[in-house]
Amino acid sequence: MTMRVPMLDLGYQHRLIAAEVQASFDRIMAGSSYILGPDVTRFEEEFAAYCGAGHVIGVGNGTDALELALRGAGIGEGDEVIVPANTFVATAEAVVRAGATPVFADCREDFLIDPASVAERITPRTRAVFAVHLYGQPADMTALAAVCGDDIVLLEDAAQAQGAELDGRRAGSLGVAAGTSFYPGKNLGAYGDGGAVITSSDVVAERVQRLRNHGGVRKYEHLEIGTNSRLDSLQAAVLSAKLRHLDAWNARRREIAEQYRDAFAGSAVVAPPVSDRVVHVYHQFVVQVDERDAVLAALLEDGIGVGIHYPAPVHLLPAFAGVETAATSAPVAERTAGRILSLPIYPGLTDEQVAYVAERTLAAADRASGTAAA
C-alpha cells in the first residue's frame, strides 16, 4: 500500500492558530499599522526573551538578517569571513553582499562546521566566523570561540535552529550576533518572508536598527547607507502566535527523530550524529545512504516527499566561480553531499506516517545497495 507523506505540511500549524491569527489581522487592518508597528515590537521583545538575548531586530528575510548581522558587527570590504562549505547559499551570499570575502571551511561528520578546519583557514584578513547551526543542531561554539579568540567575531546563522540549545543556552545567544529566517518552512515560520537579527550587543542592535531602515532611526534623517528590510506587522502577529507553540512542535520533531533512529539502528541508513550537549530541533532529519539518487527516486515513487539539503557545497556552485575566495578543499562536505537525504519531519506527521517512511527508506536502501553490489 502506498501512503502519501509530503516533505512538509504547514496546514497542521495553521489550523492550531487560525482563529488567533485572524483576530490579529483584523485588529492590524483596523489600525493600519503595517510595518514596524506595535505588533513587530511585541514579537521582537517576546523572541528576544525566548532566545535569552538582549535584542531582536525584525527584518524582511533571513538573507538580509545575515547580511545585517555582519554589517552591524562592523564586517565589510577587505575582510574575510569563514563560513562552512555545506550550508544554504545565503550564508556565503550575505558575506559577499556585505562587501567581504567568504572563505570556506570543511564540516565534521555531524555536518557542522569543523573548528579545526576553521583554524587552518585563518589569515591576517580574517575578521569573522559564521557558524551555521545546520539542520537544527548548534555548532560547537565553545571550540569555535577558542579558535576565534578576542580578535575574530563569532556570528551565528540560526535560520534552522529556533529553539535549539547548546549547554543550556539557546541558538541566537551564543555569539556576538545571529541572523535567523522566518521563511514559512522554518521551525518558526511566517506566512511569507521574514527574518531577524539577534544580539545582546547594544552597539550591534543600534546599528542594525538603522541599517534596516535606510540608515536612520527617524524619517528623513539618514546617518549611513542602509537598506529597506523591515518586518511587517502581519508576519509579526503570525510569529507571536506560533512562538507559543514552538517548544511543543520542536519536542514532536525530536520524538519523530527518535522513531527514525530506532528504525535505522544497525542498517544501511546512517542516522545523523548528535552531541549530548545540545537540544536538537530537527529542522531537517538528514541520513546518509549509498546510491542516494536511486533511494531518492524510489521514495518519490512510494509517495514520500524527500529532499537533499544540500546537493553541492557552496564553493562548488557556479555563482561563486567568479567571486573572490580562497582556494578551498572540503573533502568531508564534498563526500557527504553525494550521500545525504532529507526525510519528512514536521510536527503534524503521524506515527503511522513515520513508520511508513522508515520502512520504505530501509527497503529502498537495501535494494540500492544490492543493485550496486551486483
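As a basis for the values below, the full set of heavy atoms in this structure was taken, side chains included, without hydrogen atoms, waters or symmetry mates. Small disclaimer: the values here were computed from a predicted structure and weren't measured.
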Carboxylate-amine/guanidinium contact [X] [Y], below 4.0 Å:
{"X": "Arg335", "Y": "Glu109", "result": "yes"}
{"X": "Asp79", "Y": "Arg125", "result": "no"}
{"X": "Arg127", "Y": "Glu80", "result": "no"}

Margin query: Before you tell me yes or no, could you show the steps for Asp351 and Gln259 under side-chain hydrogen bond (donor to acceptor under 3.5 Å, both in side chains), namely the whole-Å CA-CA distance, both residues' side-chain angles and the distance that decides it to 0.1 Å?
Written below: CA-CA 8 Å; Asp351 290 349; Gln259 292 176 42; 3.1 Å; yes
Pairing residues for [X] by the salt bridge (charged side-chain N to carboxylate O under 4.0 Å, His left out) criterion, not counting sequence neighbours:
{"X": "Glu46", "result": "none"}
{"X": "Glu258", "result": "Arg261"}
{"X": "Asp110", "result": "Arg108"}

Check: How long is the gap from CG on Leu36 to CG on Leu231, to the nearest 0.5 Å?
Finding: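 If we round to the nearest 0.5 Å, Leu36:CG and Leu231:CG are 7.5 Å apart.
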With a 4.5 Å limit on heavy-atom distance, are the side chains of [X] and [Y] in contact?
{"X": "Thr227", "Y": "Leu68", "result": "yes"}
{"X": "Met29", "Y": "Leu234", "result": "yes"}
{"X": "Tyr260", "Y": "Thr361", "result": "no"}
{"X": "Arg292", "Y": "Ile308", "result": "yes"}
{"X": "Leu239", "Y": "Leu188", "result": "yes"}
{"X": "Lys242", "Y": "Tyr191", "result": "yes"}
{"X": "Asp232", "Y": "Val40", "result": "no"}
{"X": "Arg277", "Y": "Asp140", "result": "yes"}

Give a yes or no answer on whether the side chain of [X] reaches the backbone of [Y] with a donor-acceptor pair at less than 3.5 Å.
{"X": "Asp114", "Y": "Ala116", "answer": "yes"}
{"X": "Glu44", "Y": "Gly58", "answer": "yes"}
{"X": "Gln284", "Y": "Pro344", "answer": "no"}
{"X": "Asn86", "Y": "Phe111", "answer": "yes"}
{"X": "Arg121", "Y": "Val103", "answer": "no"}

Note to self: Between Asn250 and Asp247, is the side-chain hydrogen bond (donor to acceptor under 3.5 Å, both in side chains) condition met? List the steps.
What the structure shows: CA-CA 5 Å; Asn250 284 342; Asp247 285 342; 4.9 Å; no
Next item on the list: On the 0 to 90° scale, with breaks at 30° and 60°, tag the Phe43-Phe47 ring pair as parallel, tilted or perpendicular.
Entry: parallel
Check: Parallel, tilted or perpendicular: which describes the rings of Phe320 and Phe104, with under 30° parallel and over 60° perpendicular?
Finding: perpendicular
So which atom in [X] and which in [Y] form the shortest heavy-atom distance, rounded to 0.1 Å?
{"X": "Ala333", "Y": "Ala85", "answer": "CB-CB, 4.2 Å"}
{"X": "Gly72", "Y": "Val204", "answer": "O-CG2, 3.7 Å"}
{"X": "Leu166", "Y": "Pro138", "answer": "CB-CB, 4.0 Å"}
{"X": "Ala100", "Y": "Pro102", "answer": "O-CD, 3.9 Å"}

Note to self: Determine whether Asp64 and Ser229 satisfy the following criterion, side-chain hydrogen bond (donor to acceptor under 3.5 Å, both in side chains), listing intermediate values before the conclusion.
What the structure shows: CA-CA 7 Å; Asp64 285 354; Ser229 185; 2.7 Å; yes
Next item on the list: Apply side-chain hydrogen bond (donor to acceptor under 3.5 Å, both in side chains) to Thr199 and His55, showing your working.
Entry: CA-CA 5 Å; Thr199 184; His55 308 275; over 6 Å; no
Note to self: My understanding is that only one of Leu174, Thr180, Asp157, Val278 makes a side chain to side chain contact (heavy atoms under 4.5 Å, CB included) with His133; could you say which?
What the structure shows: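 In the set Leu174, Thr180, Asp157, Val278, the residue that makes a side chain to side chain contact (heavy atoms under 4.5 Å, CB included) with His133 is Leu174.
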Notebook entry, point to check: Taking it one step at a time, do Tyr282 and Tyr135 satisfy ring pair (Phe, Tyr, Trp, His ring centres under 6.0 Å)?
Noted result: CA-CA 6 Å; Tyr282 290 101; Tyr135 308 144; over 10 Å; no
Next item on the list: Flag the pair Tyr346 / Phe285 as yes when their ring centroid distance falls below 6.0 Å, and as no otherwise.
Entry: no
